[in-house]
2 protein chains.
Amino acid sequence: MTTIKDIARVAGVSITTVSRALNGYSDVSEKTRRRIQEVAKELKYSPNAVARSLVMNRSKTIGLLVSEISREGAKDNFTFEVLCGINDRVAELDYDLILFNTNSAQQKVKSYTQLCRERRVEGVILQGIKTDDPYLEEVIESDIPCVVVDVPITGNKVGYVSTDNVDGAKKAVQYLIDLGHQQIAMMNGHEKAFVSQKRKEGYLATLEQNEIPIKEDWILNGEFREEQAEKVALYFLRNHPNVTAIFCASDLMALGVLKAAKTLNIRVPSQLSVIGYDDIVLAEYATPSLTTVAQDKYQIGYEAAGLLIDLLAENETNNARILKSNLKIRQSTDFNKKA
Amino acid sequence: MTTIKDIARVAGVSITTVSRALNGYSDVSEKTRRRIQEVAKELKYSPNAVARSLVMNRSKTIGLLVSEISREGAKDNFTFEVLCGINDRVAELDYDLILFNTNSAQQKVKSYTQLCRERRVEGVILQGIKTDDPYLEEVIESDIPCVVVDVPITGNKVGYVSTDNVDGAKKAVQYLIDLGHQQIAMMNGHEKAFVSQKRKEGYLATLEQNEIPIKEDWILNGEFREEQAEKVALYFLRNHPNVTAIFCASDLMALGVLKAAKTLNIRVPSQLSVIGYDDIVLAEYATPSLTTVAQDKYQIGYEAAGLLIDLLAENETNNARILKSNLKIRQSTDFNKKA
DNA sequence: ATGAAAGCGCTAACAA
DNA sequence: TTGTTAGCGCTTTCAT
């Protein structure tokens, strides 16, 4: 493999000059620079980013830590779309992305800090992390610049990107109320996700605002999983025939609810309105298609990468970026016919 | 940041001894090793993988080049699932994955070889690459170990992973014929995908075997895109009311066909049978759910990573891994009622 | 405008 | 068992 040493030898200059010429420094005569570039091309030279990283102490890579990058995530294209956004923005800024192993048992031994330091990434993006993940504490303690998706932590060089989940939930629940619904249950995700807490907050606030009594046992836990939501909904719907609408904290869970309703011969939306959250691809294709609170997942990733790099460049004061969400009305909601 | 030099100083040994102790070499007394490990922990040492890569000339990273890692790919969870498989296998083998920028215009300037050499990746996995992509030639020419998904090229340290596309197509078309269909069109993808060529081959072979006349203009080009397939199907179905079944080279295109049929008030499957390919998540949720040739996308990725690492270790003779595909029968196919 | 030399953090002969 | 030394490929003072 060609090195600048080889180029220097062939071009008859010092390695210093080669380095300078190739990096576009001004203190190299045009003639020398051209000569060097020629030789470099001739010798098929590729700079060694590893060596450069070592000496510059800048790797031009940012790490990506996805908690659940598994087949589960495939249904839910959330992770993938976020990844696309990150990838695009990172590419624009001429960084590369390194995907960390977190699901391997062997690797889980390594702490977050170790993982990042070893690879000398300049910063990290965390996605899909639960609020009780030990990594989260480390993020704050460590001095590694970091952006977290959907968990509101900030600090020195630590920021986050999220959508306004309270607002999203409010929009959904208010829409149901406007359709005449009063008996509205919520299928929430596990409490270890920050978004669950926020969406619940929005749900509760909206009921209160509309003077609808809150029933704690109408807040179900579907664990963000389709099957779990189906199971829970099955039980709930059987025992609460008066419910007319369910607000779900994810589309996947809404799909589960749809299945449960079908099993019980409850027609959606005429007998039961269902709203999801996220606007995953399936939402549009489900039968009936899902009314949902849409998040721009790609944008979340794009902003996360952008924020991180701003953090690295120290030209960022605002450590949080909150995106808008909007209600997408489809076929799974309708006027309350029981009213 | 702590280095082995610091550890050496504190522990009162040479840096060599530290290196050896930390890397588990046997020629270090247990006492010294323990002492060194203690100090390392105390000083919160993390090895510098960059420095190690430089000196060992082994980066323990493999590069991932995805041609179309964009929002488009989200519907089609293909890429993501392959990625999951790669990620898992790579993690097991203690490598990290680096995602290359290919979609950025600025980066497209860099050749494949440059990209890989710069980062000193030990090998590369290529996914979603078209047969006319200039990168593909480079793969053969360059000496960088590489595994390509779904393009059958082999060479020194170059292999590929794919499913048996001829066989998959045969299964699908034979199934249609067994249902009594004789007028079977094919919605193919663009010819720049190897899988298109193979699936077409399977389609043609099966018709021939069953002595069904082949009509070249019954092979449509949906470009692997839903909208394009819909458009093409709309036109075709209008002009060929006698067609009773369409075999599609991807589920996404099958979805497009479904839409076209709906527009024309052609009922699926009673008036028209549709088979897809891939078994993407949507296939199951579409209405009607899609009969399709299922590929284990996760396994493709898993095998690709495994093959690459075997190639690196030089303990691999077989440079191709072909996975089985199987027909998943759902609701979009039925007996030919016109027979 | 160019070069000599030091050093980034680490591994690996070679010596002792 | 341990230490000395060289060097991976590059950037960067500091001279010239």
Side-chain angles (χ1 to χ4, degrees), chain A residues 1-40 43-61 96 113-122, chain B residues 1-37 39-40 43-61 94 96 113-122:
Chain A
M1 193 136 310
T2 314
T3 70
I4 51 169
K5 214 166 159 182
D6 301 319
I7 301 181
R9 195 169 21 76
V10 174
V13 293
S14 75
I15 57 165
T16 312
T17 306
V18 176
S19 173
R20 280 196 284 240
L22 261 24
N23 287 302
Y25 280 64
S26 58
D27 54 354
V28 175
S29 78
E30 260 319 303
K31 197 179 142 221
T32 318
R33 159 169 290 124
R34 251 197 298 280
R35 172 100 186 89
I36 288 173
Q37 280 168 337
E38 254 170 43
V39 175
L43 266 43
K44 299 187 182 177
Y45 171 73
S46 308
N48 185 335
V50 174
R52 181 183 280 149
S53 292
L54 181 62
V55 66
M56 310 236 303
N57 210 21
R58 296 205 52 199
S59 62
K60 276 281 187 178
T61 44
D96 276 317
T113 320
Q114 276 176 313
L115 218 50
C116 301
R117 283 209 185 142
E118 257 179 49
R119 287 297 186 167
R120 290 301 190 270
V121 295
E122 297 185 25
Chain B
M1 193 136 308
T2 315
T3 71
I4 51 169
K5 215 166 158 183
D6 300 319
I7 301 180
R9 195 170 20 77
V10 174
V13 293
S14 75
I15 56 166
T16 314
T17 305
V18 175
S19 172
R20 279 195 284 238
L22 261 25
N23 288 300
Y25 281 64
S26 57
D27 54 357
V28 176
S29 78
E30 260 318 303
K31 198 179 139 221
T32 318
R33 159 169 289 124
R34 251 196 300 279
R35 171 103 186 88
I36 289 174
Q37 280 169 338
V39 176
L43 266 43
K44 297 186 181 181
Y45 171 73
S46 308
N48 185 334
V50 174
R52 180 184 281 150
S53 293
L54 181 62
V55 67
M56 309 236 308
N57 210 20
R58 295 205 53 199
S59 62
K60 276 282 187 177
T61 44
D94 203 25
D96 276 316
T113 318
Q114 277 177 312
L115 219 50
C116 301
R117 284 209 184 142
E118 259 180 46
R119 286 297 186 168
R120 291 300 190 270
V121 295
E122 297 186 24

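Each chain gets a letter, A, B and so on, in the order its sequence line appears, and its residues count up from 1.
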Out of [options], which nucleotide sits closest to the side chain of [X]?
X	options	value
B:V28	D:dT2, C:dA5, D:dT5	D:dT2
A:V13	C:dG3, C:dT11, D:dC10	C:dG3
B:N48	D:dG9, D:dC8, C:dG9	C:dG9
B:S29	C:dG9, D:dT13, D:dT1	D:dT1

Output the rounded distance in Å from [atom1] ([X]) to [atom2] ([N]).
X	N	atom1	atom2	answer
B:L54	C:dG9	CG	P	12 Å
B:I7	C:dT11	CD1	P	11 Å
A:R117	C:dG9	CZ	P	13 Å
A:L22	D:dT12	CG	P	14 Å
B:R52	C:dC8	CZ	P	18 Å
A:M56	C:dA6	CE	P	22 Å
A:E30	C:dA1	CD	P	10 Å
A:D27	C:dG3	CG	P	12 Å

Closest-nucleotide ordering on DNA chain D, the 5'-leading residue of B:I15 and B:N57: B:I15

Donor-acceptor pair, distance only, cut-off 3.5 Å: does the side chain of [X] make one with the backbone of [Y]?
X	Y	answer
B:S53	B:A49	yes
A:R33	A:S26	no
A:E118	B:S46	no
B:R120	B:L54	no

Side chain B:R20 and base D:dG3 donor-acceptor under 3.5 Å: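 Present.
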
Just N and O in the side chain of [X]: are any of them under 4.0 Å from OP1 or OP2 of [N]?
X	N	result
B:T16	C:dT11	no
B:T17	D:dG3	yes
B:N23	C:dT11	yes
B:Y25	C:dA12	yes
A:T32	C:dA1	no
B:S14	D:dT4	no

B:R119 CZ to A:K60 NZ distance, which is reported to the nearest 0.5 Å: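 Here the rounded value is 9.0 Å.
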
